[in-house]
Peer 1: 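Take this structure first; my questions come after.
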Number of protein chains: 2
Amino acid sequence: MASLAEENYLKLIYHLSGSGAEEVSTNALAEQTQTRAASVTDMLRKLADKNLVHYKKYQGVRLTQDGQEVALQVIRRHRLWEVFMVEKLGFRWDEVHPIAEELEHIASEELINRLDAFLGFPVSDPHGDPIPTAAGAMPSAEYEKLCEVTAGQQVTMMGVLEHAASFLQFLSKAGLIPGSVVSVLEINDFDRSMILKINESAPSFVSYEVARNILIKFSV
Amino acid sequence: MASLAEENYLKLIYHLSGSGAEEVSTNALAEQTQTRAASVTDMLRKLADKNLVHYKKYQGVRLTQDGQEVALQVIRRHRLWEVFMVEKLGFRWDEVHPIAEELEHIASEELINRLDAFLGFPVSDPHGDPIPTAAGAMPSAEYEKLCEVTAGQQVTMMGVLEHAASFLQFLSKAGLIPGSVVSVLEINDFDRSMILKINESAPSFVSYEVARNILIKFSV
DNA sequence: ATAAAAATTTAGGCGAGCCTAAATTTTTAT
DNA sequence: ATAAAAATTTAGGCTCGCCTAAATTTTTAT
């Protein structure tokens, strides 16, 4: 069994490695965990001893098969609890992340699979992030970023890359939530900011920084 | 904030003291926590420093007002999650205790109050135990034990004093769950065992040991 | 190519929560 | 009343996950 701290490291390594593709540096982990690099080194040695990561001194770290399975389990729990809180308890999407950070460590598989069924086997969380299956597979939806869309096109909002509460609250106010239909009316050449029409409401302005963090798919 | 271990001690002291009435001994705590008396002493000093218990060396321990509030919060969370698992996720009442032992430490008050509302503000958990209110009051239902009922009387099953899964499974099989209507047909003088009619089904036999762990109220 | 800078690891320490062994206090039995 | 037994506490240690300071390796800049 992985401890709470170990689960958090594995989840973080998964995210920072681009779903397990690249090596992750000690410093990157230290920054995200709010700890010191020396503490990260300690933990990486422990995870390597348990065969949860591939680790060579000074060379960064990658998840093993076992490590990736644990990470995906934790991510699955996190996202299912987020769906529960938003869909069943009436939380807003910008409120649920910190609470899900705690709930994600409740280990019972029976609990999480029953929760999954109770929620109707959702495929993505309130932020549009895909929910790993009980079998441990991450459904990889390949979306574009809003900043890559050209003027005149119509797209559907599918999710976000940034999860800060302030960002999510901004999107809510603009009506930019997963499922929203968005037309790009204008793009400002100078700063790449956009003017959007969102679900038939009055045009909204979004900066490049915002557009870069929104995932979309092109309407069929 | 109380740590996970601290919350468990406070909850246990509450239960072992008969809802805070009497002093609890170091050994009693050691037995229940599956730790050594010396470890309990360590923790009691820490809880006393935080003003969560009244503690005098060699004299046992009692909850302070603060300590009791924490204990009731933890018990509230535990029992609400049990209701959730049984009512919404379809767990049996003998399965939920160990999972609730983990869920009870998720701190968010917002979460637990929304869960309470989602469940329709239940007043007792699947075992008939009362659920402390958000304000921290324990609704004290005063029930009799089934072993105190005399032959010929009709009562309603209200809850249990023993929470072991094997005991709960036995009761389920007999149809003896909170709400069941029970008539005491016969009592054996020798061993105080009983023959019961439960909800119009065929008569069942229960030992004194079982009857002693079942709470009932007299039918009006 | 090499020196300075940056990243990482090693060494030694700390608090939380547990342990064993030994000392102390309280309770029980005579 | 007092000695034996039981309960409890103290002393010293351990692991986990973190820390700082110093040493080492890798990267970057010239």
Side-chain angles (χ1 to χ4, degrees), chain A residues 1-14 16-18 22-63 66-67 70-71 74 101-102 104-107, chain B residues 1-14 16-18 22-63 66-67 70-71 74 101-102 104-107:
Chain A
M1 279 296 94
S3 72
L4 189 147
E6 287 167 353
E7 285 192 349
N8 279 332
Y9 271 89
L10 294 171
K11 180 185 57 159
L12 185 58
I13 293 168
Y14 181 87
L16 290 181
S17 68
E22 316 122 40
E23 312 267 315
V24 178
S25 75
T26 300
N27 265 8
L29 289 166
E31 190 185 325
Q32 293 289 318
T33 53
Q34 303 267 53
T35 63
R36 300 310 177 130
S39 310
V40 172
T41 300
D42 282 352
M43 181 58 92
L44 295 185
R45 273 204 330 105
K46 196 190 312 178
L47 292 173
D49 288 349
K50 290 191 172 187
N51 248 294
L52 294 166
V53 299
H54 296 295
Y55 172 57
K56 282 199 204 86
K57 288 202 294 193
Y58 298 100
Q59 308 299 307
V61 74
R62 242 171 3 92
L63 294 176
D66 284 4
V70 174
V74 175
E101 290 284 307
E102 296 187 58
E104 73 188 7
H105 300 292
I106 307 292
Chain B
M1 279 295 93
S3 73
L4 189 148
E6 287 166 354
E7 285 192 350
N8 278 333
Y9 270 90
L10 294 171
K11 180 185 58 160
L12 185 58
I13 293 168
Y14 181 87
L16 290 181
S17 67
E22 316 122 39
E23 312 267 316
V24 178
S25 75
T26 300
N27 263 9
L29 289 167
E31 189 184 328
Q32 294 290 316
T33 53
Q34 303 267 54
T35 64
R36 300 311 177 130
S39 309
V40 173
T41 299
D42 282 352
M43 181 57 93
L44 295 185
R45 274 204 329 106
K46 195 190 313 178
L47 292 172
D49 288 348
K50 289 192 173 187
N51 248 293
L52 293 166
V53 299
H54 295 294
Y55 172 57
K56 282 199 205 85
K57 288 202 296 192
Y58 298 102
Q59 308 299 308
V61 74
R62 240 169 7 91
L63 294 176
D66 284 5
V70 174
V74 175
E101 289 285 306
E102 296 187 57
E104 73 188 7
H105 300 292
I106 307 292

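Residue numbers start from 1 in every chain, and the chains themselves are labelled A, B, ... in the order their sequence lines are given, proteins ahead of strands. Because the structure is a prediction, the values reported are computed rather than measured.
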Peer 1: For A:Glu7, enumerate each residue passing the salt bridge (charged side-chain N to carboxylate O under 4.0 Å, His left out) test, keeping only those at least two apart in sequence or located in another chain.
Peer 2: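 A:Glu7 satisfies salt bridge (charged side-chain N to carboxylate O under 4.0 Å, His left out) with A:Arg77 once adjacent residues are dropped.
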Peer 1: Can you list, pair by pair, the side-chain donor-acceptor contacts under 3.5 Å of residues 26-34 of chain A, counting residues two or more places apart and other chains?
Peer 2:
| residue | atom | partner | partner atom | Å |
| --- | --- | --- | --- | --- |
| A:Thr33 | OG1 | A:Leu29 | O | 2.7 |
| A:Thr33 | OG1 | A:Ala30 | O | 3.4 |
| A:Thr33 | OG1 | A:Thr35 | OG1 | 2.8 |

Peer 1: Return the set of residues passing side-chain contact (heavy atoms from CB on, under 4.5 Å) with A:Glu22 (not counting sequence neighbours), or none when no residue passes.
Peer 2: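 side-chain contact (heavy atoms from CB on, under 4.5 Å) list for A:Glu22, sorted by chain: empty.
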Peer 1: Check the distance between D:dT15's P and A:Glu6's CD and give it to me in whole angstrom.
Peer 2: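 Distance check: A:Glu6 CD to D:dT15 P gives 16 Å.
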Peer 1: Taking all non-hydrogen atoms of both residues, which atom of A:Ile13 and which atom of A:Val24 are closest, and how far apart?
Peer 2: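 That would be O-CG2, 3.7 Å.
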Peer 1: Quick one: closest heavy-atom pair of B:Lys11 and B:Glu104, and the distance?
Peer 2: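 Of all heavy-atom pairs spanning B:Lys11 and B:Glu104, the closest is NZ-OE2, 2.7 Å.
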Peer 1: For the side chain of A:Ser25, starting at C-beta, report the closest nucleotide among C:dT10, C:dT8, D:dT8.
Peer 2: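 Nearest listed nucleotide: C:dT8.
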Peer 1: If I take atom CG in residue B:Leu44 and atom P in nucleotide C:dC18, what distance separates them, rounded to the nearest angstrom?
Peer 2: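 Going from B:Leu44 (CG) to C:dC18 (P), I get 11 Å.
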Peer 1: So, OP1 or OP2 of D:dT9: does either fall under 4.0 Å of a side-chain N or O from B:Tyr55?
Peer 2: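 Looking at the OP1 and OP2 atoms of D:dT9, one of them is under 4.0 Å from a side-chain N or O of B:Tyr55.
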Peer 1: In whole angstrom, give the distance that lies between atom CD of A:Glu7 and atom P of D:dC16.
Peer 2: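 Rounded to the whole Å, the gap is 16 Å.
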Peer 1: How far does NE2 of A:His54 sit from CG of A:Leu44, to the nearest 0.5 angstrom?
Peer 2: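 Output value for this atom pair is 13.5 Å.
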Peer 1: Reading DNA chain C 5' to 3', what string of ( ), [ ], | and . shows its pairs, if Watson-Crick and G-U wobble pairs count only when both distances fall under 3.5 Å?
Peer 2: ||||||||||||||||||||||||||||||
Peer 1: Whole angstrom is fine here: how far is it from CG in A:Asp49 over to C1' in D:dT15?
Peer 2: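 Spelled out: CG on A:Asp49 to C1' on D:dT15 is 14 Å.
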Peer 1: Could you write out each protein N or O paired with an N or O of nucleotides 19-25 of chain D at a distance under 3.5 Å?
Peer 2:
| residue | atom | partner | partner atom | Å |
| --- | --- | --- | --- | --- |
| D:dC19 | OP2 | A:Arg36 | N | 2.8 |
| D:dC19 | OP2 | A:Ser39 | OG | 2.6 |
| D:dT20 | OP2 | A:Arg36 | NE | 3.4 |
| D:dT25 | O4' | A:Tyr58 | OH | 3.4 |

Peer 1: Can you check the B:Glu23 CD to D:dT8 C1' distance for me, whole Å?
Peer 2: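 Going from CD in B:Glu23 over to C1' in D:dT8 covers 15 Å.
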Peer 1: What is the distance from CG of B:Leu29 to P of D:dA7, rounded to the nearest Å?
Peer 2: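 B:Leu29 atom CG is separated from D:dA7 atom P by 14 Å.
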Peer 1: Does some side-chain heavy atom of A:His105 sit less than 4.5 Å from a side-chain heavy atom of A:Asn8?
Peer 2: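 Answer yes - side chains close enough.
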Peer 1: Which part of the nucleic acid, if any, lies within contact of A:Thr26, taking any heavy atom under 4.0 Å across all strands shown: a base, the sugar-phosphate backbone alone, or nothing?
Peer 2: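 The residue A:Thr26 makes sugar-phosphate contact but no base contact.
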Peer 1: Between B:Asn27 and D:dT8, is there a contact of a side-chain N or O with OP1 or OP2 at under 4.0 Å?
Peer 2: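 For D:dT8, OP1/OP2 do have a side-chain N/O of B:Asn27 under 4.0 Å.
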Peer 1: Enumerate the residue pairs fulfilling salt bridge (Lys or Arg N to Asp or Glu O under 4.0 Å) with a member in residues 51-63 of chain A, sequence neighbours excluded, ordered by first and then second residue.
Peer 2: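 Checked against salt bridge (Lys or Arg N to Asp or Glu O under 4.0 Å) - neighbours excluded - the pairs reaching residues 51-63 of chain A are A:Glu23-A:Arg62.
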Peer 1: Distance check needed: C:dT26 P versus B:Lys56 NZ, whole Å only.
Peer 2: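 One finds 13 Å between P of C:dT26 and NZ of B:Lys56, rounded.
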Peer 1: Indicate the atoms forming the closest heavy-atom contact of B:Tyr14 with B:Ala71, along with that distance.
Peer 2: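 Looking at all heavy atoms of both residues, the closest pair is CB-CB, 3.9 Å.
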